Engineer: 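Have a look at this one before I ask anything.
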Amino acid sequence: MPNSFAQFLRFGLVGGLGFGWDTATVYLLRPLTGLTIALLSGYFVAATLNWLLHRVWTFRGLGRQRHIVAQWLRFLAANSAGFCLNRGTVFAFCLFIPFCARNPVFPLAAGAVAGLGANFTLSRRHVFRDRPAP
């Protein structure tokens, strides 16, 4: 099993990129769709790009026995707890702190941190692992 600390560092770096993709998507879509739809869309854009980078870099070679679409769906499902922590934080900040609703980059950062541990653990255990030999 690869070094979990190194994987966690790579996971965090990819997460930082994901925060950028998430934020960019929110700011691009917000004028067109409103804040709620932009926040939900941003998560799925970032999650998809993060999954791809985790597949080719963070967890290189692990979990490759699954079909690529099945692995992506498994990633989204496994990270549903992280989604709740992330977007729960974001929506709470935006709902209760008007400054955050006007400047979503701040709650997006807090949400990314809130979901990090759960997403790493669930991704490592349920998505990017080799199946035991039969």
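Please read all numbers here as calculations on a predicted model, not as lab measurements. The chain is numbered in sequence order, starting from 1.
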Engineer: Considering residues at least two apart in sequence or located in another chain, which fulfil the ring pair (Phe, Tyr, Trp, His ring centres under 6.0 Å) criterion with Y43?
Structural biologist: F83
Engineer: Could I get the full list of ring pair (Phe, Tyr, Trp, His ring centres under 6.0 Å) partners for Y27, not counting sequence neighbours?
Structural biologist: none
Engineer: Sequence neighbours left out, what passes side-chain contact (heavy atoms from CB on, under 4.5 Å) with T48? Give chain and number order.
Structural biologist: W72
Engineer: Apply salt bridge (Lys or Arg N to Asp or Glu O under 4.0 Å) to R87 and list each qualifying residue two or more places apart in sequence or on a separate chain.
Structural biologist: D22
Engineer: Mind listing the closest non-hydrogen atom pair of N79 and F75 along with its distance?
Structural biologist: ND2-O, 2.7 Å
Engineer: So which atom in Q7 and which in R124 form the shortest heavy-atom distance, rounded to 0.1 Å?
Structural biologist: OE1-NE, 2.5 Å
Engineer: With sequence neighbours left out, write down each residue that passes side-chain contact (heavy atoms from CB on, under 4.5 Å) with A70, or none if nothing qualifies.
Structural biologist: H67
Engineer: Could you list the residues that satisfy side-chain contact (heavy atoms from CB on, under 4.5 Å) with L73, not counting sequence neighbours?
Structural biologist: V69
Engineer: Applying salt bridge (charged side-chain N to carboxylate O under 4.0 Å, His left out), which residue pairs with at least one partner in residues 38-47 are found, sequence neighbours left out?
Structural biologist: none
Engineer: Which atom names give the shortest non-hydrogen contact between A101 and L35, and what distance separates them?
Structural biologist: O-CD2, 3.9 Å
Engineer: For the pair R74 (side chain) and H126 (backbone), establish whether a donor and an acceptor sit closer than 3.5 Å, ignoring hydrogens and angles.
Structural biologist: yes
Engineer: Without swapping roles, check the side chain of S80 against the backbone of A77 for a donor-acceptor pair under 3.5 Å.
Structural biologist: yes
Engineer: Using a 3.5 Å cut-off and no angle test, enumerate the donor-acceptor pairs between side-chain atoms of residues 89-100 and protein atoms at least two apart in sequence or in another chain.
Structural biologist:
unit_1, atom_1, unit_2, atom_2, d
T89, OG1, L85, O, 2.7

Engineer: How many angstroms lie between CG in L39 and OG1 in T23, if you round to the nearest 0.5 Å?
Structural biologist: 9.5 Å
Engineer: Could you note down all residue pairs passing salt bridge (charged side-chain N to carboxylate O under 4.0 Å, His left out) where residues 28-38 supplies at least one of them, sequence neighbours left out?
Structural biologist: none
Engineer: When Ile, Leu, Val, Met, Phe, Trp and Tyr are grouped by side-chain heavy atoms lying under 4.5 Å apart, directly or through other members, which residues fall in the same group as V56?
Structural biologist: L13, V14, L17, W21, V45, L49, L53, W57
Engineer: For R55, enumerate each residue passing the side chain to side chain donor-acceptor pair (under 3.5 Å) test, keeping only those at least two apart in sequence or located in another chain.
Structural biologist: Q71
Engineer: According to side chain to side chain donor-acceptor pair (under 3.5 Å), does anything in residues 97-121 pair up with another residue at least two apart or in another chain? List the pairs.
Structural biologist: none
